[in-house]
Participant: 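Quick one: the structure is below, and I'll ask about it shortly.
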Amino acid sequence: MPHPLSRRRLHRAPAAVAGLVCALVFGLVLGLGGSVARSATSLQDRISAARSATGSLHTQISAETRRIEATGGGLANARARLGVIQTDLDNRIAALRRTQDALLASRARLISLENRLQLATGALAANLVAGYEGAQPNLMSVVLNAHGFGDLLEQVGFMARVAHQDARIVGLTRATRTAVRSEADRLGGLEASDRRLAQAVLARRNDAAALQDALLRAQLRQLAARSQTTARYRAVSGHLTSLEHKAAAAAAAAVRAARVGNVSVAGIAVNTGGMVQAPAGAPAAVARVIAAGNAIATLPYIWGGGHGSFQANGYDCSGSISYALAAAGLLSSPLTSGSFESWGAPGPGRWITVYANAGHAWMTVAGWRFDTVALATGGTRWSQGGGEFSGFVVRHPPGL
């Protein structure tokens, strides 16, 4: 257990509230009658309803959070798909541009060849016209006008070379034009195919973008719904806290009323120089608890003391209570302060009441407070008043 002077006040657990409400009902039934008991029951019902509402809202928030996370996962997948599709589209567009550049180059070459073909065809046509008009020599005129056999051979060879050159130019031009047309047709087919592929990829990208937009809208709606649920949860939690404070105050009042009632019902123990004497008529178990408490009342506070064994050189808060209760046979082994939250019966007892939470525990015996906090301030664990009630579960040994 932490030292009593440095222990933190912990947030009240749901079990603590239930114990406080039970303490309220038990004390009011004993001292204040049926009408107040009905009021306590009504407060308990309101607390139970508020707890149920907070639990339901918390579950709803958790479910909405899971849906938002699932939608976020879908968004991530859609974005990844969109990235892959966009990369594919970019590659297709680049390939299409390369194809278009190649097509333009082929067309330019085709135009150049067609121009050359036109020039050659024009020259050939001019030669043909000149031949018909007599401007061009024919074979007979060449033979007749030749100056010797050597000149004849030279003139005939020249005419043959001219005819061969003209024929070669015409054939090459026609073949080139045919090849360019074939290449243009092939490139045109590639262009049409790439355009179709680019359109298909673009359609896929649009579908992925539409899916991402839909998921974003769904996520925004889910976030808005969770925000509204969270606001309701906070409002109900605030109301529950208010009810719990009322229950704690009522429990403290009930304990004080029970303590006053002990004057006539249970009697008040007598302080004899820092030790406590059991009042007349107290049960034997109460007398044994008081005697055991006297035995360790002034021993020092030692963290964990009294937990390894009931016999120790010092005791912490729950170890002190465990030692005193065990002396009366009310406990078989030491308990931690948190374990006392579920020990015994709920609510304040007639003779002995234990107050416990996860960080501290103390008790009252026949109207006296037995607490290591009192030891730190007064040198003995026994004191009158000054106990802390808020945030503690209230328990008592059955029958006492």
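Residues take their numbers from the sequence shown, with the count starting at 1.
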Participant: Please check if the distance between the ring centroids of F389 and W362 is under 6.0 Å.
Facilitator: yes

Participant: Ignoring hydrogens and angles, tell me if any N or O in the side chain of S337 forms a donor-acceptor pair with the backbone of N357 under 3.5 Å.
Facilitator: yes

Participant: If you count heavy atoms of other groups shown closer than 6.0 angstrom to CG of D101, is the number above 12?
Facilitator: yes

Participant: Do you know which of S322, P398, P397 makes side-chain contact (heavy atoms from CB on, under 4.5 Å) with L330?
Facilitator: P397

Participant: What is the distance from atom NE2 of H360 to atom CZ of F392, rounded to the nearest 0.5 Å?
Facilitator: 5.5 Å

Participant: With side chains defined as the heavy atoms from C-beta onward, is the minimum distance between V394 and P346 less than 4.5 Å?
Facilitator: no

Participant: Is there side-chain contact between V354 and H396, with at least one heavy-atom pair below 4.5 Å?
Facilitator: no

Participant: If you apply the rule side-chain contact (heavy atoms from CB on, under 4.5 Å), what do you find for I61 with R226, and how did you get there?
Facilitator: CA-CA 6 Å; I61 290 172; R226 186 178 67 175; 4.2 Å; yes

Participant: Run T54 and H58 through side-chain contact (heavy atoms from CB on, under 4.5 Å) and show every step you take.
Facilitator: CA-CA 6 Å; T54 55; H58 186 272; over 6 Å; no

Participant: With side chains defined as the heavy atoms from C-beta onward, is the minimum distance between I290 and Q277 less than 4.5 Å?
Facilitator: no

Participant: Determine yes or no for a side-chain-to-main-chain donor-acceptor pair under 3.5 angstrom, with T229 supplying the side chain and A225 the backbone.
Facilitator: yes

Participant: For the pair D371 (side chain) and A374 (backbone), establish whether a donor and an acceptor sit closer than 3.5 Å, ignoring hydrogens and angles.
Facilitator: no

Participant: Assign the ring pair F370 / W382 to parallel, tilted or perpendicular, where the plane angle (0 to 90°) is split at 30° and 60°.
Facilitator: tilted

Participant: Kindly work out whether a path of hydrophobic side-chain contacts (I/L/V/M/F/W/Y, heavy atoms less than 4.5 Å apart) joins F310 to F340.
Facilitator: yes

Participant: Can you see whether H307 engages S318 through a side-chain donor-acceptor pair at a distance of less than 3.5 angstrom?
Facilitator: yes

Participant: Please give me the minimum heavy-atom distance between E341 and A358, naming the atom from each residue.
Facilitator: OE1-N, 4.0 Å

Participant: Which distance, rounded to the nearest 0.5 Å, do you find between the OG of S52 and the CG of L57?
Facilitator: 9.5 Å

Participant: Dump the intermediate steps for side-chain contact (heavy atoms from CB on, under 4.5 Å) on W351 and V289, then the final yes or no.
Facilitator: CA-CA 11 Å; W351 291 94; V289 170; over 6 Å; no

Participant: Under 3.5 Å, side chain of D213 to main-chain N/O of A209, donor-acceptor pair present?
Facilitator: no

Participant: Just by distance, do the side chain of S339 and the backbone of L335 share a donor-acceptor pair under 3.5 Å?
Facilitator: no

Participant: Regarding T59 and S62, do their side chains bring together a donor and an acceptor under 3.5 Å, going by distance alone?
Facilitator: no

Participant: How long is the span from the OH atom in Y315 to the CD1 atom in I321, to the nearest 0.5 Å?
Facilitator: 13.5 Å

Participant: Working to the nearest 0.5 Å, report the span between CG of L325 and CD1 of I352.
Facilitator: 6.0 Å

Participant: Once rounded to the nearest 0.5 Å, what's the spacing between atom CD of Q219 and atom CZ of R221?
Facilitator: 11.0 Å

Participant: May I ask you to check whether T372 and R381 show a side-chain donor-acceptor distance below 3.5 Å?
Facilitator: no

Participant: Would R395 and T353 count as a side chain to side chain donor-acceptor pair (under 3.5 Å) here? Give the steps.
Facilitator: CA-CA 6 Å; R395 312 291 290 185; T353 302; over 6 Å; no

Participant: Could you pull out the closest heavy-atom pair between A361 and C317, with the gap in Å?
Facilitator: O-CB, 3.4 Å

Participant: Does one hydrophobic cluster hold both V373 and I302, with members joined at side-chain heavy-atom distances below 4.5 Å?
Facilitator: no

Participant: So, N294 side chain and V276 main chain: donor-acceptor pair closer than 3.5 Å or not?
Facilitator: yes

Participant: Within a strict 4.5 Å, meaning less than it, do heavy atoms of the Y355 and V393 side chains meet?
Facilitator: no

Participant: For residues A324 and A292, report the shortest heavy-atom separation together with the two atoms involved.
Facilitator: CA-CB, 3.7 Å

Participant: To the nearest 0.5 Å, tell me how far D88 CG sits from I85 CD1.
Facilitator: 8.0 Å

Participant: Provide the full list of salt bridge (Lys or Arg N to Asp or Glu O under 4.0 Å) pairs with a residue in residues 58-75, sequence neighbours left out, each pair given once.
Facilitator: none

